[in-house]
K.L.:
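There's a structure below that I have some questions on.
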Amino acid sequence: MLELQRIREQKDEMIKLFSARNINVTEWLNEVIELDESRRKIQGKLDDTLAEGNKIAKSIGQLFKEGKQAEANVLKEKTGELKELSKTLKEEEATTQNKINEILYQIPNVPNPTVPQGNSDEDNEVVLTKGAIPDLGEHKLPHWELAKKYNLIDFELGVKISGAGFPVYLGKGAKLQRALINFFIDEAEKAGFEEVIPPLLVNEASGFGTGQLPDKEGQMYHDATDNLFLIPTSEVPITNIYRDVILEKNDFPIKKTAYTPCFRREAGSYGKDVRGLNRLHQFDKVEIVQIAHPDNSYQRLDEMVEHVKSLLEKLELPYRVLRLCGGDLGFTSALTFDLEVYSAAQEMWLEVSSVSNFETFQANRLKLRFKEDGGKPQLAHTLNGSALALPRIVAALLENHQTADGINIPEALRPYTKFDKI
RNA sequence: GGAUAGUUGGCAGAGUGGUCGAAUGCGCUGGUCUUGAAAACCAGUGUACCGUAAGGUACCGGGGGUUCGAAUCCCUCACUGUCCGCCA
C-alpha cells in the first residue's frame, strides 16, 4: 500500500513512474489527496469536540466530589449535543478513511525508475543469457514423458488422489525433490540466510500484510471453517514474522530462508502452459526473504539475484535474467528480476525464480518499521525471491540432462541425490 | 470438544467507574560521581493522527454497548494458560 505522505509530496513523480505500468493514477491520487484533506478537517473538528466533552466530564467528576450535585446535573445536559456531534463526526471520518483505503488498496506499487515500460512479458528486458543450450538431437523427450519412462512422477495418480496439478513423485523422482530442497537450503545458509520452518496456513492479517488480500483471495486455497489460507508462497508467513515490529538499526540485515510446499488455485490456467510440471496446484519451493534498510535494499536485491544465478549455474542449466516491464510487474513489487531456465525439449523458457524489491509497499501494510538512533520509526524495505521453485527446475533438469541411456545428475547435486544417473 | 482462569507499556506486574497514557520493579538512554568500570543518585524512556507551534485526540487483545466519564461494568469474537476427554 502506498504511503499517503508520499502521495502528498511526490504526486507528480509517482504519476510519471506509473506510466511504466501503462496506468494513469492521476485521478486516484487526486481523489486520495482530496479525501485526505477532508478527513483531516473532520478529525480536527472531532478532536475539538472530544476535548470539550473530556473537559466537561472532568468538571462533573470534580463537582460530584465537592458534593455539588445540582451544578453537575446542569453540565450533564450540555453533553448530549456533544455526544451526537462526535458520533456523527466519527462516522464521517471512518467513511472517509474507508474511501481512502478502498482506493489505496487498488493502486499497485510505484515502479522503480529502471522498470521498462510495457504491456506484457514480451516487453521484459533480457538482462543476461548464460549457459549453452544442449543439442539433444532427435531423441529428445519432454519431461512428462521422461518422468513416465523412468517412473519418477505419476500425474494420473495425483488426479486420482486430489486432482490435476497434484503430482505424485516416486522413487528417484521423490529423492530428486528432497535433494534439490536440501541443496537449495544449504546454499542459502552459505549465503547468510537463516532457515525457518513457518506455518503453511495463515490468517487474514498475514494475507493482507504481504498483499495477497484483499483482491487475490481467489489465488489461495481457503479453509472457511477456521478462516485460514494455504500459503501460495512462504513469502507470506516469513515476511509476516515482522508484522507490527519496530526494528533497531543494527537488526539489519535480516535474511531468512525456508522450504515449504506452496499451494495455488491457478484458476483460469489452461493449455500447454499447464502440461506436466509447468504449472501445479501444489509445488515445493525454497524462498529467500530479506528485510533491509531503505538505503541499501537495491544492493540486497542484486545480491539475491546473484545467489539465484549461482544456483542455476551449479545445476548446469542455461538461464536468462529478465528485468520485468511495468505491465508484467507484480502488484506489490517496485522492481522484479525473473530468472528463467531453458527447457530443451519443450523448447521454451520457464520462470523458476522471481526476485523482487517491494520497498515500503508491504512494510506499510505490515507496519514493519525500524528506528534510527533517536529518530522516529520509519518503514523498512522487504524483498524476496525464489531460490528456487522445484517443478520447473526438475523439468529442465530432466530434459536438458537427458541422454540416450539415462539422465545425468549435475555434479553439485550428487552429494544430495547419492546417485549420478537416473 | 467440556470446564476454568487470563490477555495492561521492551519485559515483569499493580490498577475494578473520575485527577490513569496508566503505580512499582527490571531493562534501555543521558548525566553526576570514578583513573576506568560497577554500585549509588538524578533525569529521560510507547505508537499513531491533527496542528507552524503551544497543544489536542486516540490506543490497556479485536469489535460493539452502558455512562456526563470505562483499563475498570455489559455483550461478542479472537488468542493464551490450566484441568479433563480425544489424538500424531
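Just so we're clear, the structure is a prediction, and the values are computed from it rather than from any experiment. The chains referred to below are lettered A, B, ... by the order of the sequence lines, with proteins before strands, and numbering in each begins at 1. The figures that follow rest on heavy atoms only: side chains count, while hydrogens, waters and symmetry mates do not.
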K.L.:
Does a side-chain N or O of Arg40(A) approach OP1 or OP2 of G51(B) to a distance below 4.0 Å, or not?
P.N.:
yes

K.L.:
Closer to the 5' end of RNA chain B via nearest nucleotide, is it Gln62(A) or Ile246(A)?
P.N.:
Gln62(A)

K.L.:
Only counting residues at least two apart or in another chain, list the ones meeting salt bridge (charged side-chain N to carboxylate O under 4.0 Å, His left out) with Glu303(A).
P.N.:
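If we apply the salt bridge (charged side-chain N to carboxylate O under 4.0 Å, His left out) test to Glu303(A), skipping adjacent residues, the hits are Arg300(A).
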
K.L.:
In whole angstrom, give me the gap between the P atoms of G61(B) and A71(B).
P.N.:
10 Å

K.L.:
Rounded to whole angstrom units, what separation is found between the NZ atom of Lys45(A) and the C1' atom of C49(B)?
P.N.:
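Interatomic distance, NZ of Lys45(A) to C1' of C49(B): 17 Å.
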
K.L.:
Whether Lys190(A) and Glu187(A) form a salt bridge (side-chain N of Lys/Arg under 4.0 Å from carboxylate O of Asp/Glu) is what I want to check.
P.N.:
yes

K.L.:
For residues 106-115 of chain A, which residue pairs pass the side chain to side chain donor-acceptor pair (under 3.5 Å) check, not counting sequence neighbours?
P.N.:
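Only Asn112(A)-Thr114(A), Asn112(A)-Tyr298(A), Thr114(A)-Arg323(A) qualify under side chain to side chain donor-acceptor pair (under 3.5 Å).
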
K.L.:
Report all side-chain donor-acceptor pairs from residues 151-169 of chain A shorter than 3.5 Å, counting only partners two or more places apart or in another chain.
P.N.:
| unit_1 | atom_1 | unit_2 | atom_2 | d |
| --- | --- | --- | --- | --- |
| Asp154(A) | OD1 | Glu156(A) | N | 3.1 |
| Asp154(A) | OD1 | Leu157(A) | N | 2.9 |

K.L.:
Measuring only the P atom in each nucleotide, how far is C60(B) from A23(B)? A whole number of Å is fine.
P.N.:
15 Å

K.L.:
Please state the P separation for the pair A54(B) and G17(B) - nearest whole angstrom.
P.N.:
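Result for the P pair: 36 Å, nearest Å.
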
K.L.:
Which donor-acceptor pairs under 3.5 Å do the side chains of residues 226-234 of chain A make with protein atoms, sequence neighbours left out?
P.N.:
| unit_1 | atom_1 | unit_2 | atom_2 | d |
| --- | --- | --- | --- | --- |
| Asn227(A) | OD1 | His222(A) | NE2 | 2.8 |
| Asn227(A) | ND2 | Glu204(A) | OE1 | 2.8 |
| Thr233(A) | OG1 | Glu235(A) | N | 3.0 |
| Thr233(A) | OG1 | Lys285(A) | NZ | 2.8 |

K.L.:
Check this one for me: any side-chain N or O of Arg39(A) less than 4.0 Å away from OP1 or OP2 of C49(B)?
P.N.:
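For C49(B), OP1/OP2 do not have a side-chain N/O of Arg39(A) under 4.0 Å.
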
K.L.:
Scan every strand shown for a Watson-Crick or G-U wobble partner of A3(B), both distances under 3.5 Å, and answer none if you come up empty.
P.N.:
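A3(B) is paired with U82(B).
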
K.L.:
Under 3.5 Å, which N/O atoms of the protein pair with N/O atoms of nucleotides 28-30 of chain B?
P.N.:
none

K.L.:
Taking any strand in view, what nucleotide pairs with U52(B) in a Watson-Crick or G-U wobble way, both distances under 3.5 Å?
P.N.:
none

K.L.:
How long is the line joining CD1 of Ile42(A) and P of C49(B), in whole Å?
P.N.:
17 Å

K.L.:
Which residues within residues 196-212 of chain A lie with some heavy atom under 4.0 Å of an atom in RNA chain B?
P.N.:
none

K.L.:
Just jot down the salt bridge (charged side-chain N to carboxylate O under 4.0 Å, His left out) partners of Glu306(A), sequence neighbours excluded, or say none.
P.N.:
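So Glu306(A) forms a salt bridge (charged side-chain N to carboxylate O under 4.0 Å, His left out) with Lys309(A).
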
K.L.:
Rounded off to whole Å, could you give me the NZ-to-C1' distance for the Lys376(A) and A48(B) pair?
P.N.:
8 Å

K.L.:
Under a 3.5 Å cut-off for both distances, is A58(B) Watson-Crick or wobble paired, and to whom?
P.N.:
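WC or wobble partner is U47(B).
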
K.L.:
Partners of Glu313(A) by salt bridge (charged side-chain N to carboxylate O under 4.0 Å, His left out), sequence neighbours excluded?
P.N.:
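Here the qualifying residues are Lys130(A).
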
K.L.:
If I pick the P atom on G27(B) and the same atom on A39(B), what distance separates them, to the nearest angstrom?
P.N.:
8 Å

K.L.:
Using the P atoms only, state how far G36(B) lies from G31(B), rounded to an integer number of Å.
P.N.:
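Rounded to whole Å, the distance is 13 Å.
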
K.L.:
Roughly how many Å apart are C73(B) and U80(B), using the P atom of each and rounding to a whole number?
P.N.:
23 Å

K.L.:
With rounding to the closest Å, how many angstrom separate the P atoms on G46(B) and G10(B)?
P.N.:
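Rounded to whole Å, the distance is 9 Å.
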
K.L.:
Say you pick atom P in U8(B) and the same atom in A14(B); how far apart are they, in whole Å?
P.N.:
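11 Å, rounded to whole Å.
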
K.L.:
What string of B, S and - do you get for nucleotides 53-75 of chain B 5' to 3' if you count protein non-hydrogen atoms under 4.0 Å?
P.N.:
---BSS---------BS------

K.L.:
Does Arg414(A) come within less than 4.0 Å of Glu411(A), counting only side-chain N to carboxylate O?
P.N.:
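Between Glu411(A) and Arg414(A) there is a salt bridge, with a charged N closer than 4.0 Å to a carboxylate O.
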
K.L.:
Paired with U32(B): which nucleotide, if any, by Watson-Crick or G-U wobble criteria at under 3.5 Å for both distances?
P.N.:
A40(B)

K.L.:
Does Tyr416(A) have any ring-ring contact (aromatic ring centres under 6.0 Å, His included) partners at least two apart in sequence or in another chain, and if so, which?
P.N.:
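In terms of ring-ring contact (aromatic ring centres under 6.0 Å, His included), with neighbours along the sequence ignored, Tyr416(A) is linked to Phe183(A).
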
K.L.:
Return the nucleotide paired to G21(B): Watson-Crick means purine N1 to pyrimidine N3 with N6-O4 or O6-N4, wobble means G-U with N1-O2 and O6-N3, both under 3.5 Å.
P.N.:
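By the stated definition (distances under 3.5 Å), nothing pairs with G21(B).
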
K.L.:
How many whole angstroms separate atom CG of Asp244(A) from atom P of G9(B)?
P.N.:
13 Å

K.L.:
Could you check which nucleotide pairs with G10(B) in any of the strands shown, counting Watson-Crick or G-U wobble with both distances under 3.5 Å?
P.N.:
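Result: C26(B).
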
K.L.:
Could you tell me whether a side-chain N or O of Thr239(A) sits under 3.5 Å from a main-chain N or O of Val236(A), the two making a donor and an acceptor?
P.N.:
no

K.L.:
Tell me the interatomic distance from Lys41(A), atom NZ, to G51(B), atom C1', rounded to whole angstroms.
P.N.:
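Answer to the nearest Å: 14 Å.
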
K.L.:
Checking base pairs now: Watson-Crick or wobble, both atom distances under 3.5 Å. What partners U66(B)?
P.N.:
none

K.L.:
Can you tell me how far the CG atom of Leu46(A) sits from the CD atom of Gln43(A), to the nearest 0.5 Å?
P.N.:
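Spacing of CG (Leu46(A)) from CD (Gln43(A)) equals 7.0 Å.
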
K.L.:
Could you work out, with side chain to side chain donor-acceptor pair (under 3.5 Å) as the rule, every residue matching Gln290(A), not counting sequence neighbours?
P.N.:
none

K.L.:
Does any pair with a residue in residues 85-97 of chain A pass salt bridge (Lys or Arg N to Asp or Glu O under 4.0 Å), and if so which ones, sequence neighbours excluded?
P.N.:
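Found Arg39(A)-Glu93(A).
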
